[in-house]
Amino acid sequence: MKYPTLEEVNKATHIEICRWWRFLPSTGLNYIGELNFIEKLNEEVVIMNRIADRLKKFGGFTPEISKEIGWLL
């Protein structure tokens, strides 16, 4: 799963935010061994922090959302 842009995160619904929170790989994971690892890691940390902030503002996961998005992509 590809990291969204900050613009996409800012426009996302509660369900989209929950889906990203559950399924996005750890920050930087896709760039291990690459020359631009630190740059990409830092970009993804900013995005994941914004996702975490929005998830908290939405009230986190509900049982209904958790069931809707499931555990498998």
Side-chain angles (χ1 to χ4, degrees):
M1 177 177 255
K2 184 178 179 258
Y3 268 71
T5 65
L6 277 178
E7 183 178 336
E8 290 171 325
V9 173
N10 289 330
K11 292 180 179 180
T13 66
H14 189 178
I15 292 173
E16 290 170 316
I17 293 292
C18 288
R19 188 172 281 119
W20 287 325
W21 185 257
R22 182 168 286 174
F23 294 117
L24 281 174
S26 297
T27 54
L29 186 67
N30 292 327
Y31 299 97
I32 292 174
E34 301 289 329
L35 294 176
N36 62 345
F37 171 76
I38 297 296
E39 176 186 338
K40 291 298 187 177
L41 171 68
N42 290 334
E43 288 174 11
E44 290 181 353
V45 165
V46 169
I47 292 167
M48 188 52 79
N49 285 342
R50 182 64 180 138
I51 290 170
D53 181 55
R54 296 223 45 228
L55 181 63
K56 184 177 179 181
K57 287 180 181 176
F58 277 128
F61 270 89
T62 64
E64 294 79 18
I65 289 175
S66 184
K67 288 176 186 174
E68 181 177 335
I69 65 175
W71 286 99
L72 302 173
L73 281 175

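None of these values were measured; they are calculated from a predicted model.
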Q.
Restricting to side-chain hydrogen bond (donor to acceptor under 3.5 Å, both in side chains), what partner residues turn up for Arg22, sequence neighbours left out?
A. Ser66

Q. Other than Trp71, what residues sit in its cluster of Ile, Leu, Val, Met, Phe, Trp and Tyr side chains whose heavy atoms are under 4.5 Å apart, directly or through others?
A. none

**Q.** Residues in ring-ring contact (aromatic ring centres under 6.0 Å, His included) contact with Phe58, at least two apart in sequence or another chain
**A.** His14

Q: Under 4.5 Å between side-chain heavy atoms, chaining through other members, with only Ile, Leu, Val, Met, Phe, Trp and Tyr counted: pull out the rest of the cluster around Tyr31, sorted by chain and number.
A: Leu29, Ile32, Phe37, Ile38, Leu41, Val45

Q: Quick one: which residue pairs count as a salt bridge (Lys or Arg N to Asp or Glu O under 4.0 Å) with a foot in residues 64-73, not counting sequence neighbours?
A: none

(Q) Quick test of your reading: applying side chain to side chain donor-acceptor pair (under 3.5 Å), list the pairs with at least one residue in residues 44-60, sequence neighbours left out, ordered by first then second residue. (A) Asn10-Arg50, Arg50-Asp53, Asp53-Lys57

(Q) Just verifying a value: how many Å separate Leu24 CG and Ile51 CD1, rounded to the nearest 0.5 Å? (A) 5.0 Å

Q: Search all heavy atoms of Pro25 against all heavy atoms of Asn30 and return the closest pair with its distance.
A: CG-ND2, 3.7 Å

**Q.** Residues which pass side-chain hydrogen bond (donor to acceptor under 3.5 Å, both in side chains) with Thr13, listed by chain and number, not counting sequence neighbours
**A.** Glu16

Q: Using the side chain to side chain contact (heavy atoms under 4.5 Å, CB included) rule, take Tyr3 and Thr27 through it: C-alpha gap first, then chi angles, then the decisive distance, then the call.
A: CA-CA 9 Å; Tyr3 268 71; Thr27 54; 3.5 Å; yes

(Q) Going by side-chain hydrogen bond (donor to acceptor under 3.5 Å, both in side chains), name the residues that satisfy it together with Lys11, two or more places apart in sequence or in a different chain. (A) Glu7

**Q.** Non-hydrogen atoms of Cys18 and Gly60 that approach each other most closely
**A.** SG-O, 4.1 Å

Q. When rounded to the nearest 0.5 angstrom, what distance separates CZ in Phe23 from CD1 in Ile69?
A. 5.0 Å

Q. Got Trp21 and Phe61 here, is their nearest side-chain heavy-atom distance under 4.5 Å?
A. yes

(Q) Which residues pass the side-chain hydrogen bond (donor to acceptor under 3.5 Å, both in side chains) test with Asn36, not counting sequence neighbours? (A) none

Q: Not counting sequence neighbours, list each pair that qualifies as a salt bridge (Lys or Arg N to Asp or Glu O under 4.0 Å) and has a residue in residues 24-42.
A: Lys40-Glu43

